[in-house]
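Right, one structure below, let's go through it.
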Amino acid sequence: MTAQIIDGKAIAAAIQAELTEEVQRLKETHGVVPGLATVLVGENPASITYVKMKRKRSAEVGIRSFGYELPADASQEEVEGLVRELNANPEIHGILVQLPLPRHLNEEAVLAAISIEKDVDGFHPINIGRLAMKGREPLFVPCTPAGVIELLDRTGVEIEGKEAVVLGRSNIVGLPVSMLLLHRNATVTICHSRTRDLPAVTRRADILVAAVGRPQMVKGDWVKPGAVVIDVGVNRVEDPTAKRGYRLVGDVDFEEVREVASAITPVPGGVGPMTIAMLLTNTVRSAKRAAGL
Ligand code: NDP
């Protein structure tokens with residue numbers, strides 16, 4: 001069997017096109033312009049790139065973006081003060097504090113200062129807490145995990161009743177993905193660095209989500225024939241033939257696993273493009289909620 005390739009780039013582009021229309025309609029019909037504030041502390045080059053991309057994509061769909069940059073030595077009070085200001089600004093419907101923050105800052109306290117109504121990254125402890133509880137709905141779901149579910153939904157993969165195995169239990173990906181799959185009535189197993197005999201566990205999966213940050217760890221014989229494989233991993237491996245001297249690979253050995261799975265996401269071009277698409281979706285949803293729509 002050769003797997004269907006799940007094209008995250010195309011799916012993200014479709015979401016962006018839908019959002020562009022929705023934002024236009026919101027403006028014309030209700031005079032509402034969704035606004036997203038990005039907060040960048042310090043000069044981490046990867047963070048600068050991510051924030052730039054988020055602002056560019058926001059502009060493309062018609063979301064107004066508000067950029068705030070604080071120096072690397074900004075104090076806890078300065079960052080939290082800015083967050084409180086943004087909480088109070090009615091033109092802003094989403095607040096994104098780019099992580100990681102410089103070490104001297106208390107990340108947990110900064111995230112907790114964001115109003116849960118504007119927590120478009122979905123990392124506020126109340127939103128995560130609601131995600132973890134049966135019968136409760138968070139106002140926002142973290143973007144990469146939401147993107148994983150959206151990819152499954154838009155590929156027509158049924159989740160209910162399936163065996164889902166998630167590799168990784170981080171706060172950003174593994175744990176929230178597991179909780180979302182559980183909300184959708186999958187039977188979920190979460191694996192981590194202390195799990196014994198990983199291949200035996202992953203071979204049970206109808207849906208396998210890999211988020212470990214280990215290049216090409218998941219091999220063909222780790223996967224049940226016909227499984228759907230979502231690869232969240234983004235890893236650099238040396239490649240002297242590449243212009244930059246490296247290339248990006250996922251946590252899954254794509255060439256091996258595509259021969260076994262029924263569907264698989266590539267890296268790059270799978271989960272990656274979905275993260276910003278879900279951030280924009282959350283921002284538009286927030287603007288609608290604030291307007292009572
Ligand atoms: P973390 O390093 O925070 O978490 C990795 C998880 O994998 C941990 O739970 C760890 O276990 C587990 N793990 C590590 N090594 C092994 C192993 N050998 N066997 C079993 N489990 C293992 O990573 P993140 O969750 O932040 O990211 C995971 C991957 O996803 C990375 O490649 C990252 O670049 C990518 N990513 C992609 C995004 C996107 O596409 N938009 C967004 C975010 C992340 P333990 O808990 O026991 O330590």
Side-chain angles (χ1 to χ4, degrees), residues 6-13 15-16 38 44-47 49-54 56-57 96-101 107-108 111 120-123 128 131 140-152 164-181 188-205 208-219 221-223 229-237 246-254 257 264-282:
I6 301 174
D7 186 346
K9 235 172 146 176
I11 294 175
I15 293 172
Q16 209 170 308
T38 55
N44 176 332
S47 295
T49 307
Y50 289 141
V51 166
K52 230 189 243 168
M53 262 162 57
K54 287 167 185 174
K56 179 169 173 274
R57 297 273 204 87
L96 179 132
V97 176
Q98 185 63 45
L99 302 179
L101 289 170
E107 187 173 293
E108 195 178 344
L111 294 180
V120 283
D121 242 353
F123 292 142
I128 292 286
L131 184 63
F140 300 100
V141 170
C143 299
T144 303
V148 169
I149 302 295
E150 193 72 24
L151 283 177
L152 292 171
V165 174
V166 178
L167 290 177
R169 57 174 165 181
S170 72
N171 289 335
I172 296 176
V173 190
L175 208 60
V177 160
S178 307
M179 294 189 285
L180 283 171
L181 289 164
V188 183
T189 306
I190 308 173
C191 301
H192 45 78
S193 63
R194 256 53 67 80
T195 300
R196 288 192 211 145
D197 197 358
L198 269 181
V201 182
T202 56
R203 272 195 293 270
R204 296 208 307 258
L208 178 60
V209 180
V212 281
R214 300 274 179 261
Q216 299 171 314
M217 185 175 88
V218 177
K219 300 296 176 190
D221 62 0
W222 290 37
V223 175
V229 179
I230 306 291
D231 188 355
V232 185
V234 181
N235 309 289
R236 280 185 185 191
V237 292
Y246 68 87
R247 69 193 158 90
L248 297 179
V249 299
D251 292 340
V252 174
D253 187 324
F254 183 80
V257 173
I264 183 170
T265 56
V267 177
V271 175
M274 294 298 289
T275 300
I276 296 184
M278 300 320 292
L279 174 70
L280 304 180
T281 302
N282 280 348

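Atoms within each ligand, like the ligands themselves, are counted from 1 in listed order.
Closer than 4.0 Å to atom 2 (O) of ligand 1 lies none of the heavy atoms of the protein.
Scanning all protein heavy atoms for the shortest distance to atom 35 (C) of ligand 1 gives Val232 O, 3.4 Å. With hydrogens left out, the protein atom closest to atom 24 (P) of ligand 1 is Ser170 OG, 3.6 Å, a heavy atom. Considering only non-hydrogen protein atoms, atom 5 (C) of ligand 1 sits nearest to Val212 O, 3.6 Å. For atom 21 (N) of ligand 1, the closest heavy atom belonging to the protein is His192 C, 3.1 Å. Among protein heavy atoms, the minimum distance from atom 42 (C) of ligand 1 is reached at Thr144 OG1, 3.5 Å. Counting only heavy atoms of the protein, atom 15 (N) of ligand 1 lies nearest to Arg214 NE, 3.2 Å. The protein atom (non-hydrogen) at minimum distance from atom 33 (C) of ligand 1 is Val234 N, 4.1 Å. Nearest protein heavy-atom neighbour of atom 46 (O) of ligand 1: Arg169 NE, 2.7 Å.
Under a 4.0 Å criterion applied to the non-hydrogen atoms of Thr275, ligand 1 contributes the atoms 39 (C), 41 (N).
No N or O atom of Val173 sits closer than 3.5 Å to an N or O atom of ligand 1.
Ala211 counts as a contact of ligand 1, since one of its heavy atoms falls under 4.0 Å from the ligand.
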